[in-house]
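Below is one structure, written out as structure tokens; the observations come after it.
Counting starts at 1 for both ligands and their atoms, following the listed order.
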Amino acid sequence: ATPTSIMVGTGKGAENGILIKDAESLERAHRIQTIVVDKTGTLTQGKPTVTDYLTVRGTADRNEIRLLQMAAAVERNSEHPLAEAVVQYAASQGVDKKSLPAVQDFDAVTGNGVQGRVNGRLVQIGTDRWMQSLGIQTESLQSRRQAWEAAAKTTAWIAVDGKAEGLIGISDALKESSTRAVGALQKMGLEVVMLTGDNQQTAEAIAQEVGIRRIFAEVRPDQKAAQIKQLQSEGKQVAMVGDGINDAPALAQADVGISIGTGTDVAIAASDITLISGDLQGIVTAIQLSKATIANIR
Ligand code: ADP
Ligand code: MG
């Protein structure tokens with residue numbers, strides 16, 4: 001490889017907001033066959049907001065606000081983006097952030113949700129799958145949950161002392177660049193795969209919006225790298241695009257790791273290429289640059 005063409009390639013990348021770590025990263029990018037894309041914060045804006053909230057007891061429930069207050073009290077201890085959304089929503093409904101009740105025994109249950117004790121009562125907030133595994137009955141709002149998830153929303157149950165009391169719907173809008181970038185990558189002959197910890201239905205709804213056909217959903221953070229390995233064992237050159245701490249091992253495992261500049265430092269450090277603005281069209285540009293650079297070298 002001629003150093004000059006590599007420098008031109010990385011220079012053009014930088015002009016377009018694409019930081020390429022080294023010559024090998026630029027070279028490897030032209031061989032990519034499969035692109036695995038994280039959902040939250042990569043395809044979506046990563047700014048979830050609560051759009052729906054219902055209690056099992058229905059609209060006559062006088063405890064609606066108190067339940068929300070307990071949920072916010074527990075979520076305040078979590079760093080998950082969904083937690084922030086719940087706390088903000090509670091505040092918008094009149095729950096005073098400064099006088100939330102104290103929480104004991106807070107615990108973040110990886111890939112599932114959070115729990116803690118409020119006034120001695122066990123409050124658990126998280127996925128339907130988690131509620132099922134805890135043996136918590138959730139019949140009454142299941143059709144709502146399915147409808148919300150079909151509308152690409154993430155849902156979280158609020159359970160108190162082992163009983164489902166409320167259901168929250170959370171929406172995280174797609175980035176403007178997602179659909180066009182996915183389409184362009186597919187046109188280049190690449191397979192685009194979605195990887196997410198979120199539930200299957202929500203993942204499918206988002207995938208359909210952006211035109212992705214293959215999905216790995218409900219993947220725990222510690223299994224993301226293993227999914228990349230599996231695709232590589234199918235003989236594929238794999239790129240991974242992600243923003244979170246959870247994505248770092250997968251970014252490192254991939255043949256080319258691509259991070260989002262607005263994402264976590266850990267993800268950026270584990271990657272070969274960083275898209276400064278988070279515009280996914282940058283993936284297309286990076287591969288085109290790689291191809292042009294290789295063509296110049298040959
Ligand atoms: P991701 O954020 O990519 O969806 P995670 O493994 O962090 O993946 O979480 C998986 C799922 O667990 C989330 O989609 C959400 O449904 C649930 N979850 C995790 N943390 C929380 C939380 N603090 N509050 C509510 N639900 C949560
Ligand atoms: Mg993410």
Side-chain angles (χ1 to χ4, degrees), residues 36-50 53 68 70-90 103 106-116 123-134 138 145 148-149 152-159 164 166-172 174-175 178 194-207 215-225 227 240-251 257-268 270-271 275 278 280:
V36 180
V37 188
D38 163 61
K39 177 175 79 69
T40 310
T42 303
L43 285 170
T44 69
Q45 293 175 6
K47 289 179 201 133
T49 46
V50 173
Y53 168 54
L68 202 52
M70 288 199 283
V74 176
E75 290 284 25
R76 186 173 53 160
N77 297 278
S78 164
E79 274 154 27
H80 202 281
L82 294 183
E84 176 65 17
V86 173
V87 174
Q88 287 300 337
Y89 175 71
V103 174
F106 173 80
D107 199 8
V109 184
T110 308
N112 281 320
V114 288
Q115 62 183 24
V123 180
Q124 295 169 304
I125 309 152
T127 65
D128 187 64
R129 198 177 28 148
W130 188 34
M131 296 298 147
Q132 303 303 330
S133 75
L134 293 168
T138 54
R145 180 182 70 83
W148 294 351
E149 290 181 358
K153 289 170 186 175
T154 300
T155 59
W157 290 103
I158 308 171
L167 183 66
I168 297 171
I170 301 153
S171 175
D172 184 9
L174 280 174
K175 282 184 191 168
S178 293
M194 182 195 286
L195 182 59
T196 180
D198 209 343
N199 74 82
Q200 184 74 29
Q201 288 78 9
T202 307
E204 271 173 22
I206 294 269
I215 306 164
F216 298 128
E218 300 178 21
V219 179
R220 297 170 59 105
D222 53 326
Q223 292 169 342
K224 281 191 171 182
Q227 288 284 1
M240 164 79 196
V241 194
D243 69 322
I245 297 171
N246 292 352
D247 299 319
L251 290 169
I258 303 172
S259 61
I260 304 293
T262 51
T264 60
D265 293 345
V266 186
I268 292 168
S271 68
L275 310 176
L280 296 189

task = Evaluate the criterion side-chain contact (heavy atoms from CB on, under 4.5 Å) for residue pair E75 and Y89; output intermediate values, then yes/no.
result = CA-CA 11 Å; E75 290 284 25; Y89 175 71; over 6 Å; no
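- Considering only residues two or more places apart in sequence or on other chains, N199 meets the side-chain hydrogen bond (donor to acceptor under 3.5 Å, both in side chains) condition with E149, T202.
- Other residues, nucleotides and ligands contribute only 12 or fewer heavy atoms inside 6.0 Å of the CD1 atom of I245.
- Taking distances strictly below 2.8 Å, the protein N/O/S atoms close to the Mg ion (ligand 2) are D38 OD2, T40 O, D243 OD1.
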Dump all N/O pairs between ligand 1 and the protein below 3.5 Å as a table: atom names plus distance, one pair per row.
residue	atom	partner	partner atom	Å
ligand 1	2 (O)	H80	NE2	3.0
ligand 1	4 (O)	D198	N	3.3
ligand 1	7 (O)	H80	NE2	2.9
ligand 1	12 (O)	G111	O	3.3
ligand 1	14 (O)	D198	OD1	3.4
ligand 1	23 (N)	E75	OE1	2.9
ligand 1	23 (N)	S78	OG	3.3
ligand 1	24 (N)	E75	OE1	3.4
ligand 1	24 (N)	E75	OE2	2.6

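- Contact annotation: the side chain of Q132 approaches that of T138 to within less than 4.5 Å [non-hydrogen atoms, C-beta and beyond].
- Contact of the W130 side chain with the Q124 side chain is registered, since non-hydrogen atoms from C-beta on lie closer than 4.5 Å.
- Under the rule for a side-chain hydrogen bond (donor to acceptor under 3.5 Å, both in side chains), T40 has no partner lying at least two apart in sequence or in another chain.
- In this structure a side-chain-to-backbone donor-acceptor pair under 3.5 Å is missing from Q200 to E218.
- Side-chain contact between V241 and L43 is absent, with no heavy atoms from C-beta onward closer than 4.5 Å.
- T127 places none of its side-chain heavy atoms less than 4.5 Å from the side chain of T154.
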